[in-house]
Amino acid sequence: MTDLVVVGTGLFGLTVAERMAEQGRKVLMIDRRDHLGGNAYSETDPATGIEVHRYGAHLFHTSNERVWEYVNRFTAFTSYVHRVYTTHRGEVFPMPINLGTINQFFRSAHGPDAARALVREQAAELEGRRPANLDEQGVSLIGRPLYEAFIQGYTAKQWQTDPRELPASIISRLPVRYTYDNRYFNDTHEGLPTGGYTAWLERMADHPNIEVRLSTDFFDDAQPVNKKAVVGQVPVVYTGPVDRYFDDAEGSLSWRTLDFEREVLPVGDFQGTPVMNYADTEVPYTRILEFRHFHPEREYTSDKTVIVREYSRFAERGDEPYYPVNTPADRERLKRYRELMAGERDVHFGGRLGTYQYLDMHMAIGSALSMVDNQLTS
Ligand code: FAD
Ligand code: UDP
């Protein structure tokens, strides 16, 4: 007897399954991929032994104490602190934009107040208006020249959408600091799972009340567990794409996908840092990841390294949907999908794909914990 079917074994689905299993419910999880863990999954590169995050670099960070306590039940975290650099016109600058970036860019030696005054002057075109989109948000945060150098080209490559059509919230994630602090995240807790992501994710599913079936697509009627067979019979938590669930009835929501080009190089260290962004449009990729640097505490081979170049493009049908684009047209469609969702009996939509929202791992876990409290066990 199954008490709950969870579609998708990403962090949202795993959190729901683990919590429900712990309360004595029998949970059946399915995933269309041949591994569990969703996009946080990682694997050991066979040529070098280096841990590679298959779906792009995943850095865990949170200020949510409940989430931090919860994840620490399954893994310890290293003391890794994320820092990013960006290359613009052949010169390397620290990201996110901080006093170091500003002074290097303007060849100046401003203190915090002078730098603030300079940026305010360079953002004057907004005349105190509230930024309505990514373009205006960028200019209002850092002024036009810094925006054009570090944000405009990168964002054009990442989103291939007019920045005036993109929500301001995309770059509100990036702090701007008038100190030399170049930590990428502001959160209280940060680190990487000591034993790797996959050990963490597998531990969450390692429960006598959880069964996991991989390579099982919810929309494949030939599978014993599929939408037609299950909905209305057993409660379902669905974490796949919301538009796909309704067979695109209200039209497709737009997503961005990424192509990851992995290469093993015969050098011990390629770029000296985990993530190098490329701000200029002349370089086709957005960034290069070098995975050995995520774990300086590990004794990796010193004569080889793994790098991944990341390219971004619009997702076509069949591509992995990674980032919701969220244009005004998407938001209209989403509203109609929300009405359809409300009409689905005992189906709970969650996670990044199921709600069409950019969620970091800690947000996916936090919202799964809330779903368990408010919808599944109340
Ligand atoms: P997912 O991990 O996407 O899991 C959904 C699962 O559902 C997938 O395994 C999928 O195969 C399965 N599924 C879909 N459709 C079906 C179907 N029809 N049948 C069966 N199974 C199905 N977060 C951070 O905190 N820090 C980071 O640095 C970070 N970097 C990221 C970088 C990239 C490139 C991406 C894409 C995301 C990043 N994230 C990061 C976000 C993180 O991946 C998500 O928060 C997390 O994966 C959310 O989990 P989820 O369960 O909602 O979705
Ligand atoms: N961004 C940018 N330049 C950078 C880094 C980020 O313009 O060097 C913008 C870009 O629009 C990106 C957004 O800020 O999509 C959020 O960046 P973040 O690194 O948080 O997100 P990611 O794209 O890695 O998920």
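Both ligands and their constituent atoms are indexed starting at 1 by order of listing. For reference, positions follow the sequence shown, starting with 1.
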Undergrad: If the condition is ring-ring contact (aromatic ring centres under 6.0 Å, His included), which residues does H348 pass it with, not counting sequence neighbours?
TA: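 For H348 there are no ring-ring contact (aromatic ring centres under 6.0 Å, His included) partners, ignoring immediate neighbours.
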
Undergrad: Starting from atom 18 (N) of ligand 1, what is the nearest protein heavy atom, named by residue and atom, and what distance separates them?
TA: D217 OD1, 3.1 Å

Undergrad: Less than 4.0 Å is my threshold; does some heavy atom of Y55 fall inside it relative to ligand 1?
TA: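 Yes, Y55 has heavy atoms under 4.0 Å from ligand 1.
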
Undergrad: Students should find this: residues with any non-hydrogen atom under 4.0 Å from ligand 2. What is the answer?
TA: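 Residues near ligand 2: M95, F150, I151, Y154, T155, Q158, W159, I170, I171, R173, L174, Y184, N277, R287, Y323, Y358.
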
Undergrad: Can you list the residues that meet the ring-ring contact (aromatic ring centres under 6.0 Å, His included) rule with Y356, with sequence neighbours excluded?
TA: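 By the ring-ring contact (aromatic ring centres under 6.0 Å, His included) rule, Y356 matches W255.
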
Undergrad: Applying a strict 4.0 Å limit to heavy atoms, is G354 in contact with ligand 1?
TA: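 Contact absent.
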
Undergrad: Tell me, please, whether Y322 has R256 positioned over its six-membered ring: NZ or CZ under 6.0 Å from the ring centre and within 45 degrees of its axis?
TA: no

Undergrad: Find all atoms of ligand 1 within a distance of less than 4.0 Å from any non-hydrogen atom belonging to Y322, and give their numbers and elements.
TA: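 By the 4.0 Å cutoff, the relevant atoms are 36 (C).
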
Undergrad: Judged on heavy-atom distance to atom 47 (O) of ligand 1, which of V16, N39, D220, I30 sits nearest?
TA: N39

Undergrad: Quick check on T62 - does any of its heavy atoms sit under 4.0 Å from an atom of ligand 1?
TA: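 It does not; every heavy atom stays at 4.0 Å or beyond.
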
Undergrad: Report yes or no: does Y41 have a heavy atom closer than 4.0 Å to ligand 1?
TA: no

Undergrad: Is the Lys NZ or Arg CZ of R287 less than 6.0 Å from the centre of Y278's six-membered ring, within 45° of the axis?
TA: no

Undergrad: Holding to ring-ring contact (aromatic ring centres under 6.0 Å, His included), I want the full list of residues that pass it with Y70, two or more places apart in sequence or in another chain.
TA: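 Result, ring-ring contact (aromatic ring centres under 6.0 Å, His included) vs Y70: F74.
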
